[in-house]
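See structure below.
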Amino acid sequence: MNHREDGFVGVFDSGVGGISVLRALVSELPHEDFRFFGDSANAPYGEKTEGQVLDLSRGIVEGFLEDGAKAIVIACNTATSVAAAALRSAHADVPIIGIEPALKPAARALPHGMILVMATEVTLRLEKYHELVRAWGGECEVVPVPCPGLAARIERGSLDAPDVREMIEGYVGPYAGKVDGVVLGCTHYPFVRRQIAEVLGSDVSFFDGGAGTARQLRARLEEERLLAARERDGRVEFASSLDTPEELELYRSFFDLSV
Ligand code: DGL
């Protein structure tokens, strides 16, 4: 007999970014089975319309549920801002966990600091972001830094290439020596945390939502009595809308990357 807790957790993003969240999920919940889907054929989401991001997210979640997912993690700030509420009301019986820029822990750690929030244009435009700043920004100077093109460039790998460095310098270089903290508000950006730190200096603190999302998934699975009851390590599977062996190899290499 199949028990619902034996099902897998479906995790998705526009592409490789969500793998930074997947790593936090596996480390928090090593006995769970995870299936990761990267929509690399349609990346970047951050430069699409809200309607397009909603339709793409809906299609991915429906696919996961048809395959028997017991919970979903939207490992994408952009898709969470656009689609989480609609997905939760369409599938009220399934835990759907989203991610948001980690401004709350950043503002707590640096109560009077200058904090950059690097994210996609869509994330920074939507009301959810402005609510976050009103709720948690406190006395901080919160500076939104949209980074068009950066997620798409990270999709291609070779992250120490000079063009990646130039792009990062263009976006955050003007804040070097002034900023105290950086919120990595797009799940692609933890893969270039070191490169950002090289531009801004080593005394800058970094915050991303991966660990908080993982704790939230654990809490929801506990609440719904859906935690896997197995002793063995869980399985981690990768799929992509760019379904080539090279793309899946790239996903595995991002999963193994030390960041
Ligand atoms: N990784 C996604 C995010 O967290 C989106 C990147 C993109 O596709 O633009 O916002």
Side-chain angles (χ1 to χ4, degrees), residues 10-25 36-61 72-85 87 96-104 106 116-130 132-133 144-157 159 164 167-168 171 182-193 195-196 206-214 216-217 238-242 247 250-251 254-255 257 259:
V11 182
F12 77 95
D13 179 37
S14 62
V16 298
I19 296 171
S20 68
V21 181
L22 180 66
R23 291 157 53 114
L25 301 175
F36 178 81
F37 182 85
D39 197 5
S40 293
N42 293 303
Y45 280 8
E47 290 157 42
K48 291 207 147 36
T49 66
E50 289 161 42
Q52 287 170 319
V53 174
L54 180 59
D55 287 347
L56 291 165
S57 304
R58 221 181 239 144
I60 296 167
V61 168
I72 306 286
V73 176
I74 310 173
C76 174
N77 293 268
T78 308
T80 300
S81 303
V82 173
L87 292 170
I96 298 182
I97 317 303
I99 189 165
E100 63 183 18
L103 183 59
K104 182 177 166 184
L116 305 187
V117 182
M118 298 175 70
T120 67
E121 293 172 292
V122 172
T123 299
L124 295 173
R125 189 175 66 227
L126 290 180
E127 183 50 25
K128 198 172 187 316
Y129 168 73
H130 298 285
L132 197 65
V133 176
V145 183
C147 304
L150 184 56
R153 176 60 191 82
I154 292 169
E155 284 289 306
R156 306 209 314 269
L159 302 179
V164 176
M167 197 179 257
I168 292 171
Y171 289 133
V182 175
V183 173
L184 300 170
C186 165
T187 57
H188 281 67
Y189 302 165
F191 290 116
V192 291
R193 181 193 322 247
Q195 293 82 338
I196 299 169
F206 284 84
F207 302 86
D208 74 64
T213 302
Q216 226 190 318
L217 174 64
F238 293 93
S240 172
S241 52
L242 267 189
E247 190 64 15
L250 183 75
Y251 283 18
F254 271 92
F255 188 66
L257 209 65
V259 285

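As the structure lists them, so they are numbered: ligands from 1, and atoms in each ligand from 1. Positions are given from 1 along the sequence. All values derive from a computational prediction rather than experimental measurement.
If you run side chain to side chain contact (heavy atoms under 4.5 Å, CB included) between Thr80 and each of Leu126, Leu87, Thr187, Ile74, only Ile74 comes through. Checking Thr123, Thr120, Thr78, Asp39 one by one against Tyr45, the side chain to side chain donor-acceptor pair (under 3.5 Å) holds for a single residue, Asp39.
Counting heavy atoms closer than 4.0 Å to ligand 1, residue Thr120 contributes side-chain atoms (C-beta onward) but none from N, CA, C or O. The part of Asp13 lying near ligand 1 is the side chain, judged by heavy-atom distances below 4.0 Å. The part of Ala151 lying near ligand 1 is the side chain, judged by heavy-atom distances below 4.0 Å.
Residue Thr78 has at least one heavy-atom neighbour below 4.0 Å for each of these atoms of ligand 1: 3 (C), 5 (C), 10 (O). Close approach of ligand 1 to Pro44 (heavy-atom distance below 4.0 Å) involves ligand atoms 7 (C), 8 (O), 9 (O). Close approach of ligand 1 to Ser14 is summarised as follows: ligand atoms under 4.0 Å from at least one heavy atom of the residue are 5 (C), 6 (C), 7 (C), 8 (O). Taking every non-hydrogen atom of Gly46 and a distance limit under 4.0 Å, the qualifying atoms of ligand 1 come out as 7 (C), 8 (O), 9 (O).
Looking at Glu100, its side chain never comes within 3.5 Å of a backbone N or O of Gly209 through a donor-acceptor pair. Checked by atom type and distance alone, the side chain of Asp208 never pairs as donor or acceptor with a backbone atom of Leu184 at under 3.5 Å. When atom types are taken as modelled, the side chain of Glu155 and the backbone of Val16 share a donor-acceptor pair closer than 3.5 angstrom.
The closest side-chain heavy-atom distance from Val11 to Phe37 is not below 4.5 Å. Looking only at side-chain heavy atoms (C-beta outward), Phe255 and Phe36 stay at 4.5 Å or farther from each other.
Here the heavy atom of the protein found nearest to atom 7 (C) of ligand 1 is Tyr45 N, 3.3 Å.
For His188, a nitrogen or oxygen atom sits less than 3.5 Å from a nitrogen or oxygen atom of ligand 1, counting backbone and side chain alike. The N/O atoms of Glu47, backbone and side chain alike, include none that comes under 3.5 Å of an N/O atom in ligand 1.
Within the set Asn77, Val21, Val82, the minimum heavy-atom distance to atom 3 (C) of ligand 1 is found for Asn77.
Minimum interatomic distance between His130 and Arg125 (heavy atoms only, all atoms of both residues): NE2-O, 3.6 Å.
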